[in-house]
Each structure stands twice: as C-alpha cells, then as structure tokens.
Asker: 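Dropping the structure in here first, questions after.
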Amino acid sequence: MYLKRLEIHGFKSFAARTAFDFGPGVTAVVGPNGSGKSNLADALRWVLGEQNPRALRSRKSEEVIFAGDRKRPPAGFAEVSIALDNSDGWLPLDFQEVSISRRLHRSGESEYLVNRARVRLKDVSDLFARARVGQNSYAIMGQGLVDQVLNLKPEERRSLIEEAA
Amino acid sequence: MYLKRLEIHGFKSFAARTAFDFGPGVTAVVGPNGSGKSNLADALRWVLGEQNPRALRSRKSEEVIFAGDRKRPPAGFAEVSIALDNSDGWLPLDFQEVSISRRLHRSGESEYLVNRARVRLKDVSDLFARARVGQNSYAIMGQGLVDQVLNLKPEERRSLIEEAA
Amino acid sequence: VRERFRESFHAVNADFGRYFKTFFGGGNARLALTEPEDYGESGVDILAQPPGKRQQHLQLLSGGERSLAAVALLFALLETNPAPFCVLDEVDAALDEANVGRFSETLATLAQQTQFVLITHNRSTVQAAGAIYGITMSGDGVSTVLSLRLDEHEPAGGQ
Amino acid sequence: VRERFRESFHAVNADFGRYFKTFFGGGNARLALTEPEDYGESGVDILAQPPGKRQQHLQLLSGGERSLAAVALLFALLETNPAPFCVLDEVDAALDEANVGRFSETLATLAQQTQFVLITHNRSTVQAAGAIYGITMSGDGVSTVLSLRLDEHEPAGGQ
Ligand SMILES: Nc1ncnc2c1ncn2[C@@H]1O[C@H](COP(=O)(O)OP(=O)(O)OP(=O)(O)O)[C@@H](O)[C@H]1O
Ligand SMILES: Nc1ncnc2c1ncn2[C@@H]1O[C@H](COP(=O)(O)OP(=O)(O)OP(=O)(O)O)[C@@H](O)[C@H]1O
Ligand SMILES: [Mg+2]
Ligand SMILES: [Mg+2]
C-alpha cells in the first residue's frame, strides 16, 4: 500500500484546490519559510483522523479552515482527501484503490468519507487499526519533534513498541 | 567591553586545557555533530554564574566535570576562565583587562576568582549586575531554544524588557 | 500480549542498534526494560553510546546526535511495523554534512519498502528523492504548488 | 521603575518592528501590553504579521518564521541593552537560504557594536564571520580546537 494522491482544499494556507501525485520511494517537498510545507504534513495527519488541535499547531479545531487574507474571504469548509493504492490488499477492503476524505464545516460539523460514501470517525479508525496505520504516531514526524521520541517516559515508549507488535 | 579570551579545562568534553582568542565582530564556531560546540556555549554560561544544572543540559552540577573516557580518567575539577577587555570601563573596576574564573571540584567545592583573587559568587553576580551582563539570559541563546523566547508567558517577557531598562 | 511485546521489543532493539551503528559509523545503542524480564508491564529506556564515547544518558547527547538516535529508533519501528507511508518534516535540520549524507543513503534503502514524504531545506537531502514538489506562498498568503519532477531538473539548482 | 520600563518597552518595540521588517522584507511586528497603559504591572504580548498575511497568533507561524521573529526580538533587546558579547547556537537551523542571507547581513551590521560567537553548520552564515574556530572530537571523546583564521582559508572550503 502507498499514498498515490493527496488533495487539499480550504485547509490552512491551501485556499485553492491543490493536488499532489506521489510515486513509491522518496518525494521531497521544498520551499521558502512559511510557504506551507508543514501544513501539508498537518493535512495528512488530519485526514488520518487526528482529533487533537494541538497536534495540528492550532488551539481550536476550526483553526484548520483557511482563515482568509487580503483578497479572499475565509473558507466555509476544509477538505483533505487521500487516494491509497490497495493492490496488495493492505486495507481489508475489496478495492484496488481506496480514497479517504475528511471535511470540516465552519459550523463545526465534520464528515468522513471512504470511497465517497459517508462513514463515522469510528469506521475510519477501525479500518486503520486493522491496517496498522492512522494513529501510528511515529509515521508522521512533525517539525522540531524529532527528539520528542527521546523525551517520552519509559511507559510511553513501551506503547510505541506495543503498537509495532 | 568584549570577550578577549576563553580557557576551558576539564569542563565537559574539554579534557585538556583549550584556549580561544576572540576579536570584536563575529567569530564562527563550526564542527561535526557531537564535537563540543554547544559545550563551549555552556562553558560561557557557567563562568558567568549559571547555578541551574538543567540550563547546562545536566542533571547534577558535578556532571559538567570531564567524566573520563577509554584513555583518560575522570577529571578532578572543571575550570573555565574568561578575559574581558575593559578599556572602556564597562566593568566598575580599575583594570584594562578583567579575568573571571570559575572552578568546581568533584568534592562539590566551588571557587570564583576575579583577576586571580578569590571572591564569593555574590561578588561576581553584583559585578555583572552593575555591568548589565551575567544573568542577562538572552545574551546566550542555546541550541534549539530560539523560539523559547516566543513561548515565554507575558509576565516573563516583561522581565526581559525590565532587564533591558 | 506479553509474548507479542517481547518479540517486537527484541526486533525493534536489534534494528535500532543496527541503524544507530550505520548513522554514527560505529558505537552502540540499545533499548532496555526498566523492570528487567517483566515483558508484561515494564517501561522502556534508551541507551546510546556514540563511537569513542562512554555509554551516556540521552540528555548528554548533542543536538545532532539526538536527531540521529531518534531517526534510528523511528526506522527500527518502521522495519518491525511497516507503515504505508512516512512523513519526515526537517528531521535533518541539526545534522552536519557527513551525517546528512549517511541519513539520505539509509533513507534511500528503506524507501524500497516504505514510501517517504520528506520536507527539507537541505539540497543534499533532496538528492535522495525520486521526485520533488516545490511549494511557494503567493503574495496573498495562499500556498501554491510547483511540481519539479527530478528527471526534468538539474538537481543542484532544484530549489 | 515604571518610567524606565515604559522607555525600554517603546525602544525595544520600535527596534523589534524594524528588525522584523528587515528579516521578512516587509510585514509588521509589535509588542503589546496585556493591560494597556499599565506600565507598572502589565505582561507583554508579541504580535507578528509576515508580509501578505493577516496578523496572527505566534503559534500559527512556521518553524522558520518563529526563528526569525525570535531573533528580531533578541536583536532589539541587544540594541536597547547592549551585552558585551552574545552567543548564538544554531539559530539559523530552520531558515531557508534567502533568510539565512538576510540574517547574516543583519548580524554583520549589529556586530559593529556587539561581539558575537556564532555556532553554525551553515556555510553561508560562516561568510559573515571575521574568524572561524573548528572543533573536532578526537577518537576518544575529547574536544580539540583548530583555529581557521578566515584570512588564511578559502571560505568555501572552510569547514
Ligand atoms: N487556517 C489558516 N488559514 C490561512 N493560513 C494559515 C492557516 N493556518 C496556518 N496558516 C499559514 O501557514 C503558514 C505556515 O505554514 P507552514 O508552517 O506550513 O510553513 P513551512 O513551509 O513549513 O515553513 P518553514 O520552512 O519555516 O517550516 C503561516 O504563515 C500561516 O500564516
Ligand atoms: N562531563 C562530560 N564529560 C565528557 N564528555 C561530555 C560531558 N558532558 C558532555 N559530554 C560530551 O559532549 C558531547 C556533546 O557535545 P556538544 O553538545 O557540544 O556537541 P555539538 O558540537 O554542539 O554538536 P551538534 O552539532 O550536534 O549540536 C556529547 O557527546 C557528550 O559525550
Ligand atoms: Mg515547516
Ligand atoms: Mg550543539
């Protein structure tokens, strides 16, 4: 399984619909300070079900919606979608490709979709738990957090190893 | 006033007596990971009177003494000296050059010297307070601490401005 | 559960030691149980010993040494429990040139089994990538994307 | 005390705004009292607005933007209350190439009144220095020093 496509729309600084196609192997993301690179990492963490705003460098969950600027009004909602290549059957679903989306409206209403069908957050978490992805916290290493792994308490490190079991 | 010379002996990874001569302007310090660059910054923070081991990346104050390695035994004491150019009379002392030293023995006994005469810690702190140096915490910006200034609480930022008054 | 933890602990420990030696060009690193032999409840400690140095508490490691030890542990976890993809956001910021080289070589090998999205300012890390995306902020605070497929670009001028 | 705090607050605030504009090539930054007009007790907030963006809470700034804002505040404090020397340990680690350039230019100017000891891995930051010391770890965990006086060395090969 690997990440084939990422679409971001109205999430943080990605006001317009923006798409990234990925191949297997290493894709580098470069750009000036403040251009939106870590926002891309936040988008991936968010679509995998992250519920804690602080893990997305925000104070409230609505802060991930594009807040507007001189020319554009604030967005009404934020949406992130990923398409995963499932030809190896990693996700227990009968599809060659699985798409997962998350949407948050300014009203606070949030939606999750798997292959464009609405599901509950619990369904997404279960799906990922069976596929050993999602909250697998070490798979997305945020900026400046590299040595946070070393600052964990011994019992927190234990749960990292348990997850890998 | 500026820093003319720094001598480190038995402090952290500087087992042998090591001297640095500085001119005014910018002196760059380069070297591989783990070679001792931040230990040099710690030596400067220590000689200016730092009392908190955690600000020196240590748990106990004796941990700044060279701990020994395969070939050398642990050092018996750590000593750091600085020579300051005082031709502008910045330090309220009648000397063109002022030297300040700090020594810590494994026994826990510590000594402070100004121009090679033993003084108490309080004398060093007073001297620096009058010259607006020493605990001036922003003058030594530790590794990875750049944005700690931004994480201070509003009242802590106030004391930074008060120090500058 | 106890049995699975024991197996995973030993697997991660072995890989952690291996990656550490690759990154540091020697030395030793290992995981230790805070309550030895109690695989059911015990917490986990990390012991690291860069080459030529004594075994020391993690706090004494330098900034770059900490980054390298953390990445070695991350790669070991990815070996034992492969994730479909992994995002690394400027993990190379504190590394010197020699360590950046060792990191990107090891990454290129691990990328044969795990996909990586690698955010970096470091030109030499970019060499390890098969594709590059450039993100810029247009004058009005909105992120836009440029795809700089590696094969089209002279890597040195990449950014 | 209140009078002195008021003077120093306004001086640091003016310099902070100036350094911020230099580093970001525009935008705005200022200090604000949490209890306006109460110079005796009030805490201090920091407001930053990179060019083209709206004024935002510090937490929303990117890694590199935070480093630049912190250094702008540090330089402003050094203007108001000059320290005899200042040590900077890898403050440029999160900066992109353009910002490293702006940082080292500004440092070179400020270095006419304050002495700096600058620890860095960045070759282009080293250009701003009048002298370079190289520190290496001999095989047995002991730091040794090499003086690489700038005038003797071809800067590009400096390290
Ligand atoms: N909800 C939002 N709406 C609009 N812009 C936002 C929102 N949240 C964050 N931003 C903007 O995103 C920018 C930060 O982007 P990001 O952290 O991704 O930068 P970066 O490319 O990682 O930079 P660096 O190289 O410095 O780490 C901030 O300047 C902020 O203005
Ligand atoms: N008391 C001590 N005795 C001997 N060695 C010590 C002592 N305290 C720290 N060290 C050594 O100093 C090394 C760290 O040095 P330092 O943090 O200065 O590296 P650095 O040059 O700043 O590296 P980086 O570029 O990664 O930040 C550690 O590897 C540690 O072994
Ligand atoms: Mg970033
Ligand atoms: Mg360091």
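Quick caveat: nothing in here was measured; it's all calculated off a predicted structure. A, B, ... follow the sequence lines: proteins, then strands. Residue 1 opens every chain.
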Asker: Is it the side chain or the backbone of C:I135 that comes within 4.5 Å of chain A heavy atoms, both, or neither?
Answerer: both
Asker: Using non-hydrogen atoms and a 4.5 Å limit, figure out which bit of A:L152 sits close to chain C: side chain, backbone, both or neither.
Answerer: neither
Asker: To the closest 0.5 Å, what do you measure between CZ (A:F14) and OG1 (C:T144)?
Answerer: 9.0 Å
Asker: Can you tell which part of C:S67 gets under 4.5 Å to a heavy atom of chain A, answering side chain, backbone, both or neither?
Answerer: both
Asker: Pick from A:D147, A:N151, A:L44, A:N33: which one has the most heavy-atom pairs with chain C under 4.5 Å?
Answerer: A:D147
Asker: By a 4.5 Å heavy-atom criterion (distance strictly below it), what part of A:F66 contacts chain C: side chain, backbone, both, or neither?
Answerer: side chain
Asker: Taking side chain as C-beta onward, heavy atoms only, is C:L107 less than 4.5 Å from A:V26?
Answerer: yes
Asker: Which heavy-atom pair separates C:S143 from A:G36 by the least distance, and what is that distance?
Answerer: OG-CA, 3.7 Å
Asker: Heavy atoms only: give me the nearest A:M1-C:P84 pair and the separation to one decimal.
Answerer: CE-CG, 3.4 Å
Asker: Who among C:G63, C:A70, C:A11 has the most heavy-atom pairs with chain A under 4.5 Å?
Answerer: C:A70
Asker: Carefully, step by step, assess C:L118 and A:V29 under the rule side-chain contact (heavy atoms from CB on, under 4.5 Å).
Answerer: CA-CA 6 Å; C:L118 180 71; A:V29 176; over 6 Å; no
Asker: Could you grab the distance from atom CE of C:M137 to atom CG of A:D69, nearest 0.5 Å is fine?
Answerer: 9.0 Å
Asker: Please look at C:L146 and chain A and tell me whether the side chain, the backbone, both or neither of the residue comes under 4.5 angstrom of a heavy atom of that chain.
Answerer: neither
Asker: Considering only heavy atoms, which portion of A:L145 lies under 4.5 Å from any heavy atom of chain C: side chain, backbone, both, or neither?
Answerer: neither
Asker: Test your reading of the model: is there a side-chain donor-acceptor pair from C:Y133 to the backbone of A:D21, 3.5 Å cut-off?
Answerer: yes
Asker: What distance separates A:R157 CZ from C:D45 CG, expressed to the nearest 0.5 Å?
Answerer: 6.0 Å
Asker: Are C:V87 and A:L40 side-chain neighbours, meaning at least one heavy-atom pair lies under 4.5 Å?
Answerer: no
Asker: Could you state the interatomic distance from OG1 (C:T80) to CG (A:L160), rounded to the nearest 0.5 Å?
Answerer: 11.5 Å
Asker: Please determine, among C:N13, C:L110, C:T136, the option with the most heavy-atom pairs under 4.5 Å with chain A.
Answerer: C:T136
Asker: So do the side chains of A:M141 and C:L74 get within less than 4.5 Å of each other, counting heavy atoms only?
Answerer: yes
Asker: Between C:L77, C:L61, C:L31, which residue shows the highest count of heavy-atom pairs closer than 4.5 Å to chain A?
Answerer: C:L77
Asker: For A:D94, does the CG atom sit with more than 12 other heavy atoms under 6.0 Å from it, leaving out its own atoms?
Answerer: no
Asker: Checking the side chain of A:T27 only, and the main-chain atoms of C:A131 only, is there a donor and an acceptor separated by less than 3.5 Å?
Answerer: no
Asker: Given the options A:A19, A:G25, A:A15, which has more heavy-atom pairs under 4.5 Å with chain C than any of the others?
Answerer: A:G25
Asker: Side chains of A:K153 and C:V44: does their closest heavy-atom pair fall under 4.5 Å?
Answerer: no
Asker: Using non-hydrogen atoms and a 4.5 Å limit, figure out which bit of C:E41 sits close to chain A: side chain, backbone, both or neither.
Answerer: backbone
Asker: Using modelled atom types and a 3.5 Å cut-off, is there a donor and acceptor pairing between side-chain atoms of C:Q115 and backbone atoms of A:L3?
Answerer: yes
Asker: Heavy-atom distance under 4.5 Å to chain A: side chain of C:F75, backbone, both or neither?
Answerer: neither
Asker: Out of A:S38, A:S159, A:G68, A:G144, return the one with the most heavy atom pairs under 4.5 angstrom to chain C.
Answerer: A:S38
Asker: For C:V142, which atoms come within 4.5 Å of any heavy atom of chain A: side chain, backbone, both, or neither?
Answerer: both
Asker: Quick one: OG1 on C:T34 to CD on A:E155, what's the gap to the nearest 0.5 Å?
Answerer: 7.5 Å
Asker: Are C:I46 and A:L150 close enough that some pair of their side-chain heavy atoms sits under 4.5 Å apart?
Answerer: yes
Asker: For residues A:E162 and C:R4, determine if any side-chain heavy atom of one lies less than 4.5 Å from a side-chain heavy atom of the other.
Answerer: no
Asker: For the interface with chain A, which of C:L58, C:L33, C:V71 has the highest count of heavy-atom pairs at distances below 4.5 Å?
Answerer: C:L58
Asker: Tell me whether A:Q148 at atom CD has more than 12 heavy atoms from other residues, nucleotides or ligands lying less than 6.0 Å away.
Answerer: no
Asker: Could you tell me if the side chain of A:R158 sits less than 4.5 Å from the side chain of C:F5, heavy atoms only?
Answerer: yes
Asker: To the nearest 0.5 Å, how far apart are CG in C:L88 and CD1 in A:I140?
Answerer: 10.0 Å
Asker: Answer yes or no: is there a side-chain heavy-atom contact under 4.5 Å between C:D89 and A:K37?
Answerer: no
